[in-house]
Amino acid sequence: MAIERTFSIIKPDATQRNITGKVNALIEGAGLRIVAQKRIQMTKAQAETFYSVHKERPFFGELVDFMISAPVIVQVLEGEGAIARYREVMGATNPANAAPGTIRKECALSVGENSVHGSDAAETAAIEIAQFFSGNEIVG
Ligand code: GTP
Ligand code: MG
């Protein structure tokens with residue numbers, strides 16, 4: 001399988017509970033490398049752009065408000081089949097349905113406050129990485 005890069009966000013519920021290291025340990029324990037990382041306060045415009053695919057969903061306003069409620073960690077992860085691998089490591093969107101050992105099972109609070117984001121395809125990974133990182137900030 002090819003080496004890929006995917007985009008990750010450690011969400012406000014995790015930064016607020018001071019468990020970003022726990023999340024990173026699960027990422028690294030799964031064989032993914034953190035090749036870029038920074039802590040930012042997302043603006044409303046950034047969050048609306050980032051989640052624009054969900055703009056017609058009833059929870060969109062709640063999702064945007066949550067994403068700007070506290071700092072987040074944006075990351076680029078690299079590894080074999082990193083996009084699908086990270087989705088496995090994250091676990092199901094709703095932590096109640098997530099498998100044991102996944103980030104969402106071990107860390108998330110609810111379907112909204114679910115600790116992490118990961119890209120769902122190669123095209124979205126490229127777009128999401130470019131929204132938050134310039135090329136020289138990613139060092140593999
Ligand atoms: P992301 O990696 O964050 O994109 O999660 P996902 O791909 O597992 O789920 P999806 O793209 O379907 O939804 C995006 C995000 O919207 C989820 O991670 C949740 O944070 C949020 N979300 C989804 N469903 C609900 C819901 O019913 N209520 C609320 N409040 N938030 C939701
Ligand atoms: Mg998604």
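Note that the structure is a prediction, hence the values are computed from the model and not measured. When reading the values below, keep in mind they use all heavy atoms of this one structure, side chains included, and skip hydrogens, waters and symmetry mates. Ligands are counted one by one from 1 in listed order, and the atoms in each one are counted from 1 as well.
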Considering non-hydrogen atoms of the protein only, which is the closest contact for [atom], and what is the distance?
{"atom": "atom 19 (C) of ligand 1", "answer": "V111 O, 3.2 Å"}
{"atom": "atom 6 (P) of ligand 1", "answer": "T93 OG1, 3.6 Å"}
{"atom": "atom 10 (P) of ligand 1", "answer": "H54 NE2, 3.6 Å"}

For [X], atoms of ligand 1 separated by under 4.0 Å from a heavy atom:
{"X": "E62", "answer": "30 (N)"}
{"X": "N114", "answer": "17 (C), 18 (O), 19 (C), 20 (O)"}
{"X": "L63", "answer": "16 (O), 20 (O), 21 (C)"}

Nearest to atom 24 (N) of ligand 1 by heavy atom, F59, F50, F66: which?
F59

When you measure from atom 2 (O) of ligand 1 to each heavy atom in K11, R57, H117, which option holds the nearest one?
H117

Mind checking whether [X] contacts ligand 1 via backbone (N, CA, C, O), side chain (CB onward), both or neither, at a 4.0 Å heavy-atom cut-off?
{"X": "M90", "result": "side chain"}
{"X": "Y51", "result": "side chain"}
{"X": "M67", "result": "neither"}

Could you tell me whether a side-chain N or O of [X] sits under 3.5 Å from a main-chain N or O of [Y], the two making a donor and an acceptor?
{"X": "R87", "Y": "G118", "answer": "yes"}
{"X": "N114", "Y": "N94", "answer": "no"}
{"X": "S119", "Y": "F7", "answer": "yes"}

For V72 against P12, the heavy-atom pair lying closest together:
CG1-CD, 3.5 Å

Distance-minimising heavy-atom pair for A125 and R5
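A125 and R5 have their closest heavy atoms at CB-O, 3.7 Å.
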
Would you say ligand 1 has an N or O under 3.5 Å from any N or O of R104?
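There is such a contact, yes.
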
Is any N or O atom of G118, backbone or side chain, closer than 3.5 Å to an N or O atom of ligand 1?
yes

Within the structure provided, determine whether F132 and V76 are in side-chain contact (heavy-atom separation under 4.5 Å).
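They are not in contact (no side-chain heavy atoms under 4.5 Å apart), so the answer is no.
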
Using a 4.5 Å cut-off on heavy atoms from C-beta on, say whether the side chain of I83 contacts that of T124.
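Side chain of T124 against side chain of I83, heavy atoms only: no contact under 4.5 Å found.
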
Over 60° means perpendicular and under 30° means parallel, so tell me whether Y51 and H117 are parallel, tilted or perpendicular.
perpendicular

For D13, the option from R17, K11, Q16 that meets side chain to side chain donor-acceptor pair (under 3.5 Å):
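Among R17, K11, Q16, the one that satisfies the side chain to side chain donor-acceptor pair (under 3.5 Å) with D13 is R17.
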
